[in-house]
Structure formats: C-alpha cells, structure tokens
Amino acid sequence: MRVLRMPLPVKHGPFQIQTHPSSYTSHASPRLPLSFVSFNPSTNPANNNDNLIQSLCKQGYLKQAVKALYSDPNPTQKTFELLIYSCVEENSLSAALHVHRKLVLSGFGQDPFLATKLINMYCDLGSVDHACKVFDETRERTIFVWNAVLRALAKAGRGEKLLELYCRMNWVGVKSNRFTYTFVLKGCVVSEMSICPLKKGKEIHAHILRHGFEGCVHVMTTLLDVYAKFGCVSYASSVFGAMPTKNIVSWSAMIACYAKNEMPVKALELFQVMMLEACDSVPNPVTMVSVLQACASLAALENGKLVHGYVLRRGLDSILPVLNTLITMYGRCGEIPTGQRVFDYMKKRDVVSWNSLISIYGMHGFGKKAIGIFENMIHQGVLPSYISFITVLCACSHAGLVEEGKILFESMLNKYRIRPSMEHYACIVDLLGRANRLDEAIKLIESMDFKPGRTVWGSLLGACRIQCNVELAERASSMLFELEPNNAGNYVLLSDIYAKSRMWNDVRRVRKQLESRGLQKIPSYSRIEVKRKIYSLVSVEEYNPQIEELRAFLTTLLTEIKNQGYVPQTNVVIYDLDEEEKEVILLGHSGKLAVAFGLINSSKGETIRITNNLRLCEDCHGFMKFVSKFVNREIFLRDVNRFHCFRDGVCSCGDYW
DNA sequence: ATAGGGTTAG
C-alpha cells in the first residue's frame, strides 16, 4: 500500500513551483488567477475523484482535471499517467509542474514508472533541465528511467552529457537495450560535442555489434542515419547492406542518405531496386519526398514527372511535405509554372509551401515576384519563419534588389521579432557584395554582435570574385582558412581572383598551399537527363564513348558562334598559358560538354536541362547565350546557387549572378 | 511503457 507523505515542505518538492494551484493557467503566465480553481481539500471528502479526473483528461479539460486532482486525497498512478499525457497534449508546462508537485505530495515521488513518464513529459515539453532533475531525484533507476533521460538529452542536443550518462549507466551495470542505442546514437549527431562525434558514433557501433543488436531494424536504421548525417555514405551503405531485414524505413533512410549527400543518381537507382525487389516495402510519403529531392537536384524533369504520377496514383498528393517538395522539384527543374500550379491547387498550405514558392522564383531571378509572394503570405496571416527571410533575401540578392532587401532585413527584428542569424547576415553581405557595395558589406560584418562565421566570409569572398577585389578577398579568405582549413573551395576561389587579376605568382602560391594540405580542387561536373536517363560529364572527359564526337561538335560550334561575335573569356583560366591553349581548356568545361551531349542526343526543339555542381564560369555563360541562339534551343542550366535560362541569345539572369 | 527515415535556405 502506498503511504501518503503529506504534508511536504515545498523545498523538498522537485522544483520551486507555485504552491497554490489557483495560479495555474494552461499556456500563459502561471501567475494569472483562475476563479474556478479552488484549493480546499476539506470540502472534498475521501471519495476518489479518479474517474472524474480521467474523463476530464480524455475530453481535453486539462485545467479542470488539474483542479480536480488537487482536491483528490488519493489519486492513483493511472490518474497521474493520464494527466501527464494531457499536459503533453496541451503543451502546458505550468500544468505539468502542478501535476508533478501533486504527484510528489501524493507519495509517488519515487515511483520509477511515473518518473519515466515525467521525464518523457518534460522532454516533450522541451524542458530538458526538469527532465534531468527528475532523473537525479529518482533512486530506483530502471532501464526505462535511463532510456527516458537519454532520450531527453538527445532531443535537446546535449550529446556530451548524454554520453557521460551512458558511461555511468554502463559503469553501474545497467544493461542497455535496443531503445538505449537509438537514443545514444542520436546523441552522437549533435554538434556541441568537443570530442569527435563521428568517432563516438563508431564506438557505439562497436557496442551495438558486441551486444548483438545488429539484427534490430530500429537500431541499425538509426546507425545508418547517423553515418548519413556525418556524410559517411559508404559506412551508411555497408550498414544498410548488412541489415538482415529491411523495411520501408530503412530503405527510405538509405535513399535519403544518397539524396542528401550529393548522390541523387544512386538515390533514384536504389528506389528502383526497392520497387523491383522489395515487394513488402511499399513507398510512403517520406520515401517519396527523398525521391523527389533527388529528381530536383538533378533537374531530372522526366523522372520527376514519373514520380509525380506515382504520387498521384498512390493518393499521396494530399500530404503537405510531398506537395511542398513537388513545388521545389518543378521549380528546380526550371518549370516554375508547374510548381506554381501545384501550389495553387493545394487545399492546405503551410509556411514551407510559401517558402518553397518564394525560393523557386528567387533562384530564377524573379526578385519582385518573390517579394510579392512573401507579402501575400503575410497578408494571408501566415507567420514568416527564419527560412522565409533567407529565401526572400536570397531572391533580392539574385535580382540585385538592394534597397528592398535591406528593408526586409530591417523588418525582421522590428516587425516580426525574428533575430537575424548568421545566415541572414550572409544573405545581406551577398546582396551588397554582388551589387558592388563591398564597403557597406564589410561595415555590416563589423557591426554584427556575433563573430562572423564561414557563411558570412564565404559570401564576401564570393562577392570579391565577382567584383575582382583582391585586397578584401585576402582578408575574407584568411578568415576562411582559419575557420575551415580543409575546404578546397576557398583556395580555389582565391586563386581564381588572383588569376583574374593576372597575379600568377599568387595563383601558384595558393595552389601550393592547397596541395600542401593534401587537398584537391573539386572536379566540376555537369549532369543532363536525356530520355529519362541521367548522364554525368566531367571536365576532363575521358570515359564518355562519345567524347570524340562531342569535341568535334564543340569545335564546329565554336567556329560558328565566333562568327556571330562570341569571344572566349580566357581570363577565367587560372593557368598562365597562351590564348589558344586557354581556349582549348575552356572548351573542355563540363557545361559545354553537357550541352553538346544534349544537342547530339535529343530531338529538335527539346529543351536542354543541365545542372552544374559548381558555379557557372563567365565563359560558359557567354557560350550558352550564343549557342541558344545559334541552334534555336532553350537551355536551362542550374549551377550551385541559381538558375539560368538561355533563350535566343539572352539569359534570364540578365547577366547578373 | 520507450524507438528508426522526409518538406523550405545555404
């Protein structure tokens, strides 16, 4: 039998909470008095209120249930369980604290079952400190109690403390189970850890194997996902390959891993394998989102349409994330009107839907349109998120809308109470930099109340390249070399800027620096979809069986467009060579090979869609303009940060990119 | 009693 340990002095209770329930409100300030709540145990006889409380909980009357709880002299474990559940449902921390207090007053303070529920409750309410406190005060720590606190720490991103507790758990001899490992693994992904998180992940991997959990689908899928999030695709795929049983979640996790780690072709291939071989794994919305993302990153419109058809047949076209991804997919394939149509026909929209639409207009250079959509969103009562501002600021940046961008940036804090983050500053630096207002950009960086990070310096360095500002580029890159010494892209960017200024000694110096760090220039490649198949073309193209044909084709094309006025921009070549050699190098750029491949292998009138893994170079940009006119074809080319649509000799970006 | 994959940006 339970012993009622009343009364307890408040300081022995779990927290310093209000002692009187009349101060309880569901969401807002806990100090607001509610007239209907009264605390008078004497008016309530010994008869049990449990049934009343439980039915109040089930009907969603949390306030009344808490009131009834406080006049119940003998609440049961079941009653507390239901109340805890309701607090989470109603997302009310203040109610939770009252329930917790009464729980202790009623003598359940050491009940490990309820301790587990309390920890999970505080975790779900976002208060990891309260969760930890319950854990600390619970003497009998069952595996459920341990798992609950690990879950709370993982969710809060407190990896360091999580691993510390996991060690303690092993030390005191508590045996981990499959649930434990999923939480511990998730804890490895959080970034605040000082120890190398990937190394920790591998250690946990070893624990999992040693304790015989390699057959547990949940554990292995989490492990796969952890490797995926670290970008270790080969580890992820070997975990996936070793799984004795796979289900739709593990397949989806692996597809997502490829899609997110710049291997979209692999993602599509794996999807195909799953459809053919794993009959019991039926794709669900989560799967389809990743597949659509893969199509989007490839600008593989034909594949994307096929997948869209499948989504419709399966009736998944009412799922918000699927539709949001469809907007992005069409937009990133250069089909804005279709993306817009998906948006228009949506029965329900969330802020992500709006952001997706803003983003696709923005990346095509339709800045004013993007701002219009942003304003329309506000007008419809949708609260902008911090991503809304990133998308709309980027849209301004691509279109050179400096004043508009600055006004939006100001409004973030003034109007919407969103504190601009590093990313927002990076957008503004980009916006100012592209518009050749580098002084303003650097002033803004200096005025920031936090230390500028890689995104901000990266934006500045990118702008220096466009503006060919060596001095500022040196400053930005020295910061970047410190912040991310192993990012080859920064070295390449700096050497490009030197090359543009014909400072060949400096070009060589930076190249040496790059090599001495054991880094390599990221090879540029282009992808093109022809008749639903995806082809990759690398700048130094050795493997394509059609290479001779491509070269011959390009040489002819070159002669033709030179007659139309095209002048190769040999200054983008970072080697100190003579002009003719530079022209040969330029002709080998992957974008040009891709366009030649597309022209040779597609029918007249078909649009050419190409994606580039790097930023398009100025020469390729000029080349495409002439080619589009000469062969009378539309060429869509998406590079790392925006879209170019070449038609009849002009580009949709208006040469501003 | 507790658990695994996905949407927008850069």
Side-chain angles (χ1 to χ4, degrees), chain A residues 77 81 84-85 112-117 119-120 123-124 142-152 154-155 177-186 213 216-226 228-229 236 240 243 246-257 259-260 281 283-294 296 316 319-329 331-332 349-360 362-363 384-395 397 421-424 426-427 430 453-456 458-459 462 640-642:
Chain A
Q77 192 193 49
E81 193 190 344
I84 288 169
Y85 181 77
F113 177 87
L114 286 178
T116 308
K117 300 289 174 202
I119 296 171
N120 283 329
C123 168
D124 294 337
T142 60
I143 185 65
F144 288 103
V145 174
W146 280 101
N147 286 347
V149 76
L150 295 177
R151 171 178 177 261
K155 198 191 164 211
N177 63 16
R178 57 209 167 123
F179 295 94
T180 317
Y181 288 111
T182 59
F183 303 133
V184 177
L185 281 169
K186 279 186 170 291
F213 287 100
C216 176
V217 199
H218 279 90
V219 173
M220 295 321 265
T221 306
T222 313
L223 181 62
L224 185 167
D225 186 53
V226 167
K229 299 230 156 83
F240 180 72
M243 285 173 73
K246 299 179 177 75
N247 59 22
I248 185 58
V249 181
S250 29
W251 282 98
S252 304
M254 194 63 226
I255 292 169
C257 170
K260 288 243 164 92
S281 293
N284 59 27
V286 181
T287 326
M288 296 326 291
V289 164
S290 290
V291 175
L292 285 169
Q293 280 180 319
L316 302 174
I319 313 284
L320 216 45
V322 174
L323 290 166
N324 293 342
T325 317
L326 271 169
I327 298 173
T328 307
M329 188 276 286
R332 302 232 301 158
R349 300 180 188 116
D350 62 2
V351 68
V352 180
S353 324
W354 288 94
N355 292 348
S356 305
L357 196 67
I358 294 168
S359 140
I360 66 171
M363 79 186 292
S385 66
Y386 77 101
I387 291 181
S388 310
F389 282 99
I390 293 179
T391 52
V392 76
L393 289 175
C394 279
S397 184
S421 73
M422 187 83 80
E423 277 105 331
H424 298 105
C427 288
D430 188 71
R454 42 177 286 267
T455 47
V456 170
S459 290
V640 258
N641 47 46
R642 67 161 296 155

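Residue numbering restarts at 1 for every chain, and letters A, B, ... go by the order of the sequence lines.
- Among the heavy atoms of the strands lying under 4.0 Å from A:T116 is at least one base atom, whether or not backbone atoms are also near.
- Note on A:K229: only backbone sugar-phosphate atoms sit closer than 4.0 angstrom, heavy atoms only; bases stay farther off.
- Residue A:D225 is classed as a sugar-phosphate contact, given heavy-atom separations below 4.0 Å to backbone atoms only.
- A:I255 comes within 4.0 angstrom of nothing in the nucleic acid, heavy atoms only.
- Using a 4.0 Å heavy-atom cutoff across all strands shown, A:T287 reaches at least one base atom of the nucleic acid.
- Of all the heavy atoms in A:C216 and A:R178, the pair that sits closest is SG-CB, 3.9 Å.
- Residue A:K260 is classed as a sugar-phosphate contact, given heavy-atom separations below 4.0 Å to backbone atoms only.
- Residue A:V217 is classed as a base contact, given a heavy-atom separation below 4.0 Å to a base.
- Partners of A:S388 according to the side-chain hydrogen bond (donor to acceptor under 3.5 Å, both in side chains) rule, which considers only residues two or more places apart in sequence or in another chain, are A:N355, A:S385.
- Heavy-atom contacts of chain A under 4.0 Å fall on DNA chain B between two terminal nucleotides, which in 5' to 3' order are B:dA1 to B:dG10.
- Remark: side-chain polar atoms of A:S459 are paired, donor with acceptor, to backbone N or O of A:A426 under 3.5 angstrom.
- Within the 4.0 angstrom heavy-atom criterion, no nucleotide atom of any strand lies near A:E81.
- A:N641 comes within 4.0 angstrom of no nucleic acid atom, judged by non-hydrogen atoms across all strands.
- Cation-pi geometry between A:K117 and A:Y85 is not met: the NZ or CZ atom fails to fall both under 6.0 Å from the ring centre and inside 45° of the normal.
- Between A:D225 and A:K260 there is no salt bridge, since no side-chain nitrogen of the basic residue lies less than 4.0 Å from a carboxylate oxygen of the acidic one.
- For A:S252 against A:T287, the heavy-atom pair with the smallest separation is OG-OG1, 3.0 Å.
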